[in-house]
Amino acid sequence: MLFQYEPELDAFLEFLIWRFSIWVDKPTPGNSLMNLRYRDERAVHPRAKVRTGLEGPGLTVAQKLWYCIATVGGHYIWARLQSFSAFRRWGDSEQRPFARQLWILTQHMEGLYKASSFVNLLIFLYTGRYRNLVERILKARLVYGSPNMNRAVSFEYMNRQLVWNEFSEMLLLLLPLLNSSSFKNFLNPFSKDKSSSSKVDDATCPVCQATPTIPFLALPCQHRYCYYCLRTRCAASTSFRCPRCSELVVAMQRQSGLANHTNPIQ
């Protein structure tokens, strides 16, 4: 039951963190461990003499509110929009044209956001300013809160945490852009038990790794899929390739051979 309200629970927890940290000019628990606080970068003159780098006021009320709207509200709305579009099957080509256009628009928006986040990550690794797009747009920069504060954790641990955190974010952005089938084909010659794995692969859907529900064949490779798994993948990408053989899927056919459905790849 809690799974149905997971976006609401996440939004509520994020709101509590924002309410008792950023709203009252206090660092979040993670920033507190690293002796960091938010500073309004717009109030700091670029040519002014800076002694320690700690000068400058905190965030304004407008910046705090926009930060809450973008992080808490934005994440909640996007999570609910994705679940609603998947439940209503907006990506199905048989749906109404308006719903299909909304689904394409959401896919474009997601791609644009990921590309912008990746560019911002590269800029952050080079300059060390603004970890995400929200901080860059609001000009909310993380600076040291106190020059003489005793560290709760060692400097080496903080460096490792920062490097691995940014590395994991880069992987999360890059992995969906890569074709996983190419890696599988590269690793196939090194697998030890090829006969047993091939039998298991033929009996399961390549997408959900379960016994196909309403089994359909991908043409021309004729690997078995669940109807919904294959239909959604073909509708999402006009150049969808079979994860097992990397063959371009041009049509889909019911395994019994009673029906033949061509996907919208043309």
Side-chain angles (χ1 to χ4, degrees), residues 6-7 10-11 13-15 17-18 21-22 26-44 46 50 53-54 56 58-60 62-83 85 104-145 151-183 186 236-237 239:
E6 183 177 356
D10 291 340
L13 293 177
E14 291 178 359
F15 175 78
I17 294 175
W18 171 85
S21 60
I22 297 178
K26 292 182 179 180
T28 61
N31 291 339
S32 178
L33 287 175
M34 295 183 289
N35 187 25
L36 296 175
R37 69 174 181 90
Y38 277 114
R39 180 179 72 183
D40 185 6
E41 198 68 9
R42 300 173 303 177
V44 179
V50 179
L54 309 178
L59 301 182
T60 62
Q63 284 177 310
K64 297 174 184 177
L65 292 176
W66 280 114
Y67 187 91
C68 178
I69 294 173
T71 55
V72 181
H75 292 167
Y76 170 73
I77 293 174
W78 184 253
R80 273 304 177 195
L81 180 62
Q82 285 186 322
S83 61
S85 62
I104 295 176
L105 178 62
T106 56
Q107 296 301 309
H108 289 335
M109 291 174 58
E110 184 178 9
L112 179 62
Y113 175 77
K114 289 183 177 179
S116 302
S117 299
F118 179 69
V119 173
N120 181 80
L121 175 60
L122 296 179
I123 297 175
F124 170 73
L125 293 176
Y126 181 75
T127 62
R129 299 183 180 183
Y130 309 119
R131 300 174 302 172
N132 50 54
L133 292 175
V134 176
E135 293 180 1
R136 184 170 297 276
I137 293 173
L138 297 178
K139 297 297 181 182
R141 183 183 176 185
L142 284 172
V143 296
Y144 284 114
R151 297 185 183 276
V153 293
S154 64
F155 185 73
E156 291 78 9
Y157 174 80
M158 289 182 4
N159 278 340
R160 290 196 301 267
Q161 187 70 15
L162 178 62
V163 170
W164 282 111
N165 181 56
E166 299 305 327
F167 183 70
S168 61
E169 289 187 3
M170 180 179 293
L171 288 180
L172 290 175
L173 290 170
L174 289 179
L175 288 179
L177 304 178
L178 301 177
N179 185 8
S180 60
S181 60
S182 60
F183 293 99
F186 176 77
S237 174
S239 58

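Note: hydrogens, waters and symmetry copies are ignored here, and every other heavy atom, side chains too, is used. Remember, predicted model here, so these are calculated numbers, not experimental data.
Enclosure of atom CH2 in W18 by more than 12 non-hydrogen atoms of other residues, nucleotides or ligands within 6.0 angstrom is indicated.
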- [ ] Could you check H75 against D10 for side-chain contact (heavy atoms from CB on, under 4.5 Å), going step by step and ending with a plain yes or no?
- [x] CA-CA 9 Å; H75 292 167; D10 291 340; over 6 Å; no
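Of the inter-residue distances, the one linking Q82 atom CD with T106 atom OG1 reads 8.0 Å to the nearest 0.5 angstrom. Separation of atoms CG (N132) and CG (L138) is listed at 9.0 Å; rounding is to 0.5 Å. Rounding to the nearest 0.5 Å places CD1 of I69 at 5.0 Å from CH2 of W66. Atoms CD and CD1, on E14 and I17 in that order, are 7.0 Å from each other to the nearest 0.5 Å. With values rounded to the nearest 0.5 angstrom, Y67 atom OH is found 3.5 Å from Y38 atom OH. To the nearest 0.5 Å, the span separating CE on M109 from CD1 on I104 amounts to 14.0 Å.
Listed for the Q63 side chain is a donor-acceptor partner under 3.5 Å among the backbone atoms of T60. One N or O on the side chain of R136 and one on the backbone of R129 form a donor-acceptor pair closer than 3.5 Å.
Counting heavy atoms from C-beta outward, L142 and R131 have side chains that approach closer than 4.5 Å. Contact check for Y113 versus L133: side-chain heavy atoms found under the 4.5 Å cut-off.
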Determine all donor-acceptor pairs shorter than 3.5 Å in which one atom belongs to a side chain in residues 163-172; sequence neighbours excluded.
| unit_1 | atom_1 | unit_2 | atom_2 | d |
| --- | --- | --- | --- | --- |
| S168 | OG | W164 | O | 3.1 |
| S168 | OG | N165 | O | 2.7 |

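There is a side-chain donor-acceptor pair under 3.5 Å between T28 and N31.
The existence of a salt bridge linking E41 and R141 is confirmed by a sub-4.0 Å separation between a basic side-chain nitrogen and an acidic carboxylate oxygen.
Of all heavy-atom pairs spanning C68 and F15, the tightest one is SG-CD1, 4.1 Å.
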